[in-house]
Amino acid sequence: MTQDGEQEATPPWDAARVNLTSNELAPGVFAVMPDDVFEKDHVATTAGFVIGERSVLVVESMLNGDLASQLIGLVRQVTSKPIRFLVNTSYHGDHAYGNYLFPDSTVVIQHPATKRYMEESFEDDRRFMISLMGKGKGIERVQARAADITVPDMISVDLGGRLVEVRHFGFAQTPGDLVIWAPDAKVLWVGNMIQAPSPALPWLLEGRHKETITTLAHVRDFLPEDATIIPGHGRPMRPADIEFPLRYLRELDSAVRTAIAEGRSIEATLEAVAMAHYGEYSLFDWAHNSVNVPAAFRHLREPGGEVA
């Protein structure tokens, strides 16, 4: 309980207990994941790095300085080459708050919407993240650091003998979702557009589930079948695994549409759209009932939502 008697939120993971490990997926291409990534269906933030002949590109910077230091330390265990580029897949604090720990010479890359949000709303976002993740988790000490380069569509980054692509396929969880594609290794980092493999569900924190369906289908169709996907909070997966969140979102859309057509209230819709067969996900009640059903209901009821 807080001092004013309000119930504190239970964080999805404890930032003070995360131990990051690196896994070399191909020569010079590393996924960085919490050490419990194969034990749970939703873990702390994943990251990664790609090493070229001249320099290194890092994906994500984590929630706080301690985790950013762990990530940089994993890079330094295998190479002394300069970290020339750092890409944030979104503005979410657990993907971008550690930017300030990277060298001044590191070029930070974000989508324009992510840069704008971090420049305009950082303090509000920091307060939200403290309320979500808890006090004393290092969030109080982070400093804002937004993009040096923005990517509205796609750029190729030359690390020396190796190109890495930074792409925007469209809205999936935020307006500024970026993915990082290492084509020679067939590895794709997607951030929170995919939380984790089945049974994990998408989080429609900003609604717009129809756009999320379109974007995820686009990503799936872009990838070769044997590609490796590093989701935002889970173990590596294959392109075929994207069918699970797509199936969930399509079923959610259909069920909420039906409830609205029957004239149900949001409370009655929550009962009608129970979708308990997806209930194996450890965060199901929060993600489905508190976030996704209300978000889909609002989106489909608003002007232009097709059943308004």
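Note that these values count all heavy atoms, side chains included, but never hydrogens, waters or copies made by symmetry.
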Would you say [X]'s side chain and [Y]'s backbone share a donor-acceptor pair under 3.5 angstrom?
X	Y	answer
Arg208	Ala172	no
Asp241	Arg238	yes
Thr214	Lys210	yes
Thr258	Ser254	yes
Thr106	Phe102	no
Arg126	Val142	yes
Arg145	Asn99	yes
Ser61	Gly98	yes
Thr46	Pro231	yes
Gln70	Asp66	no

Show your reasoning for whether side chain to side chain donor-acceptor pair (under 3.5 Å) applies to Asn192 and Ser90. CA-CA 8 Å; Asn192 283 353; Ser90 73; 4.9 Å; no
Run the side chain to side chain donor-acceptor pair (under 3.5 Å) check on Arg84 and Ser105 step by step: do they pass? CA-CA 7 Å; Arg84 184 75 178 101; Ser105 57; over 6 Å; no
Is the distance between the ring centroids of [X] and [Y] less than 6.0 Å?
X	Y	answer
His288	Tyr248	yes
His92	Trp203	no
Tyr97	Phe122	yes

Take Thr21 and Asp35 through the side chain to side chain donor-acceptor pair (under 3.5 Å) test and state the conclusion after the steps. CA-CA 6 Å; Thr21 62; Asp35 61 3; over 6 Å; no
Less than 4.0 Å between a side-chain N and a carboxylate O, is that true for [Y] and [X]?
X	Y	value
Arg127	Asp124	yes
Lys137	Asp14	yes
Arg116	Glu119	no
Arg220	Glu243	yes
Asp36	Arg235	no
Asp226	Lys186	yes

Under the criterion side-chain contact (heavy atoms from CB on, under 4.5 Å), I'd like the reasoning laid out for Lys115 against Tyr91: C-alpha separation, chi angles, the key distance, then a yes or no. CA-CA 8 Å; Lys115 176 179 173 68; Tyr91 67 78; over 6 Å; no
Suppose clustering is done on Ile, Leu, Val, Met, Phe, Trp and Tyr with side-chain heavy atoms closer than 4.5 Å. Which residues sit in the same group as Phe171?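 Same cluster as Phe171: nobody, lone residue.
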Give me the other members of the hydrophobic cluster that Val151 sits in, counting Ile, Leu, Val, Met, Phe, Trp and Tyr linked by side-chain heavy atoms under 4.5 Å, directly or via other members.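 Under the 4.5 Å side-chain rule, Val151 groups with Leu25, Val29, Val50, Leu57, Val59, Phe85, Val87, Val107, Ile109, Ile149, Ile155, Val157, Leu159, Val164, Val166, Leu178, Ile180, Val187, Trp189, Ile230.
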Evaluate Glu53 against Arg162 for side-chain contact (heavy atoms from CB on, under 4.5 Å), listing each step before the verdict. CA-CA 7 Å; Glu53 294 174 359; Arg162 166 170 271 162; over 6 Å; no
Distance only, no hydrogens: is a donor on one side chain within 3.5 Å (strictly under) of an acceptor on the other, for Asp94 and His233?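 Result is yes, a qualifying pair exists.
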Determine the sole option in Thr212, Thr174, Asp177, Ile242 for which the side-chain contact (heavy atoms from CB on, under 4.5 Å) test with Met193 is passed.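 Option passing the side-chain contact (heavy atoms from CB on, under 4.5 Å) with Met193: Asp177.
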So with a 6.0 Å cut-off around CD of Glu262, is the heavy-atom count from everything else above 12?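 Atom CD in Glu262 is packed in, count exceeds 12.
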Going through the checks in order, is the ring-ring contact (aromatic ring centres under 6.0 Å, His included) test met by Phe244 and Tyr278? CA-CA 10 Å; Phe244 179 81; Tyr278 290 99; 5.6 Å; yes
Going through the checks in order, is the side-chain contact (heavy atoms from CB on, under 4.5 Å) test met by Leu252 and Asn292? CA-CA 8 Å; Leu252 175 72; Asn292 295 351; 4.1 Å; yes
